[in-house]
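Within every chain, numbering begins at 1; the chains are lettered A, B, ... in the order of the sequence lines, protein sequences first and strands thereafter. Note that this is a predicted model, so its numbers are computed, not measured.
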2 protein chains.
Amino acid sequence: MRLKNVRGANDIVINSPYYIDSKTVPKGNYKQIFNNNNPIQIEIGTGKGNFIIQKAIKNPDINYIGIEKYASVLMRAIQKLDNDEIPNLKIMMFDANDINEVFASEIDTIYLNFSDPWPKKRHAHRRLTNYLFLDKYKQIFIKENHIVMKTDNRHLFEYSLKSFVDNDFKIVDISLDLYNDDIKDNIPTEYETKFHNKGNPIYMVEVKK
Amino acid sequence: MRLKNVRGANDIVINSPYYIDSKTVPKGNYKQIFNNNNPIQIEIGTGKGNFIIQKAIKNPDINYIGIEKYASVLMRAIQKLDNDEIPNLKIMMFDANDINEVFASEIDTIYLNFSDPWPKKRHAHRRLTNYLFLDKYKQIFIKENHIVMKTDNRHLFEYSLKSFVDNDFKIVDISLDLYNDDIKDNIPTEYETKFHNKGNPIYMVEVKK
């Protein structure tokens, strides 16, 4: 990624009315930015934003925060929002490693959609379902730990199932071929649509503890 | 299945030197039929026998028992054994529902290969990974509960993962596409070879508790 691109994108993101700077909200206080007590659900790795935007539009009684590390990608989500007014949607920009520095005991559900698989074993600790992340997530849930994951990456999915179970999650729902199930409520990410169209099976698991 | 067929098959099975009648061995005493203290591993639903026969040939220090309900199928396994002498292999014929009437605290590993998926919800209790079966298996393991399952049936696999996890098993190993992994030690069943050749992914999971 070239710095020039990032610099332009950064301005677009931080000037958006949807953008929240984590420095401006003390952790544990995110319901104040929505001015209500509705549950707060977050997507870590929001990318170009289709999932979180559609979720917010379809579920006005739930608050959504899309989190993405890279301005160059997040810019695309922001641009989609130009002509909409979605009061239950916010966008944030930070590294998932800082998730428990930003939130505290206030999140209802985490969505992990098509996360980076980090295929090399020595990078396993970077996978968003590694126990190091699960331990951080634990600190931000308001009640139950509740994670919904989708991916087309078989090895990431196998790894994640093992990791969830090792960390005492139960499986609420699972599909090894989402598009051959009844998925009337499924909201695809941009990446998901592309890979489903290539014929790849899409894996989904919902876990709780 | 026609009675005539079953009657003929039954004779072939019970006259085989590999056949053990569960009535002749008190439960908890199966190591005596092998005359050694090697671990005893069983396959429930042995079918035509390729898996358990090859397992026994490749692992002379482990004892194997293939269990099958239907003589008409088991006959095929017996016929494969005609010219071999495999001291660490036995064949039994009974319904999996009786598993804890036959064995007690003596089994090292259970293999479930391409079990009947019983797709209808009202038949879920017949699936060999239903909690009713897991509770029976618990009584026959000598130490850890250790189950290795393969199937090409996605819904059975999804159901089984959920059931294992609900019953506090951990995932030791998992593959959602066994033939695209390193499977040098894999022994296919007759059914597995057929369905793999059709292009179906073969699912595998090894669980312990």
Side-chain angles (χ1 to χ4, degrees), chain A residues 112 114-115 117 119-121 124 127 129-131 134-135 144-183 186 192 195-196 198-209, chain B residues 112 114-115 117 119-121 124 127 129-131 134-135 144-183 186 192 195-196 198-209:
Chain A
L112 301 175
F114 302 86
S115 309
K120 287 180 184 158
K121 212 164 187 173
R127 297 174 195 153
T129 49
N130 180 278
Y131 78 96
L134 298 183
D135 280 351
E144 283 178 310
N145 290 229
H146 182 215
I147 302 174
V148 185
M149 173 187 191
K150 290 194 287 187
T151 182
D152 66 318
N153 188 287
R154 176 166 71 88
H155 292 297
L156 177 66
F157 197 68
E158 292 164 350
Y159 171 87
S160 301
L161 286 175
K162 208 171 162 319
S163 181
F164 287 137
V165 176
D166 282 347
N167 288 279
D168 300 319
F169 282 84
K170 298 294 182 195
I171 298 171
V172 178
D173 197 8
I174 183 166
S175 175
L176 305 180
D177 192 356
L178 193 60
Y179 285 75
N180 275 314
D181 284 334
D182 175 16
I183 50 159
N186 184 56
E192 177 176 344
F195 277 75
H196 165 58
K198 278 189 181 177
N200 296 23
I202 303 298
Y203 304 114
M204 183 280 296
V205 70
E206 178 182 356
V207 293
K208 272 193 184 175
K209 78 163 176 178
Chain B
L112 300 175
F114 301 86
S115 309
K120 288 179 184 161
K121 212 165 187 172
R127 298 174 195 152
T129 49
N130 180 278
Y131 77 96
L134 298 183
D135 280 351
E144 283 179 310
N145 290 228
H146 183 215
I147 302 174
V148 185
M149 173 188 191
K150 290 194 287 188
T151 183
D152 67 317
N153 187 288
R154 176 165 71 87
H155 292 297
L156 178 66
F157 197 68
E158 292 164 349
Y159 171 88
S160 301
L161 286 175
K162 208 172 161 318
S163 182
F164 287 136
V165 177
D166 281 347
N167 288 279
D168 301 320
F169 281 84
K170 297 295 181 195
I171 298 171
V172 178
D173 197 9
I174 183 166
S175 174
L176 304 180
D177 192 357
L178 192 59
Y179 284 75
N180 274 314
D181 285 333
D182 175 16
I183 51 160
N186 183 57
E192 177 175 342
F195 276 75
H196 165 58
K198 279 188 181 177
N200 297 22
I202 304 298
Y203 304 113
M204 183 281 295
V205 69
E206 178 182 356
V207 293
K208 273 193 183 175
K209 78 163 175 178

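Minimum heavy-atom separation, A:Phe169 to B:Val165: O-CG1, 3.4 Å. What you find for B:Asp168 and A:Lys170 is that their closest heavy atoms are OD1-NZ, 2.8 Å.
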Should A:Arg154 and B:Asp181 be marked as a side-chain contact (heavy atoms from CB on, under 4.5 Å) after you check the CA-CA gap, both sets of side-chain angles, and the distance that decides it? CA-CA 11 Å; A:Arg154 176 166 71 88; B:Asp181 285 333; 3.0 Å; yes

B:Val172 and A:Lys162: CA distance, side-chain angles, deciding distance, side-chain contact (heavy atoms from CB on, under 4.5 Å) verdict: CA-CA 8 Å; B:Val172 178; A:Lys162 208 171 162 319; 5.8 Å; no

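In this structure, B:Leu161 CG and A:Ile171 CD1 are separated by 5.5 Å, a value rounded to the nearest 0.5 Å.
Contact tally against chain B (heavy-atom pairs below 4.5 Å) for A:Ile174, A:Asn180, A:Leu176: the top residue is A:Leu176.
When heavy atoms are compared at a cutoff of 4.5 Å, B:Val205 does not approach chain A at all. Interface remark: B:Phe164 contributes no atoms to any contact with chain A (heavy atom separation under 4.5 Å). With a 4.5 angstrom heavy-atom cutoff, A:Tyr203 touches chain B only via side-chain atoms.
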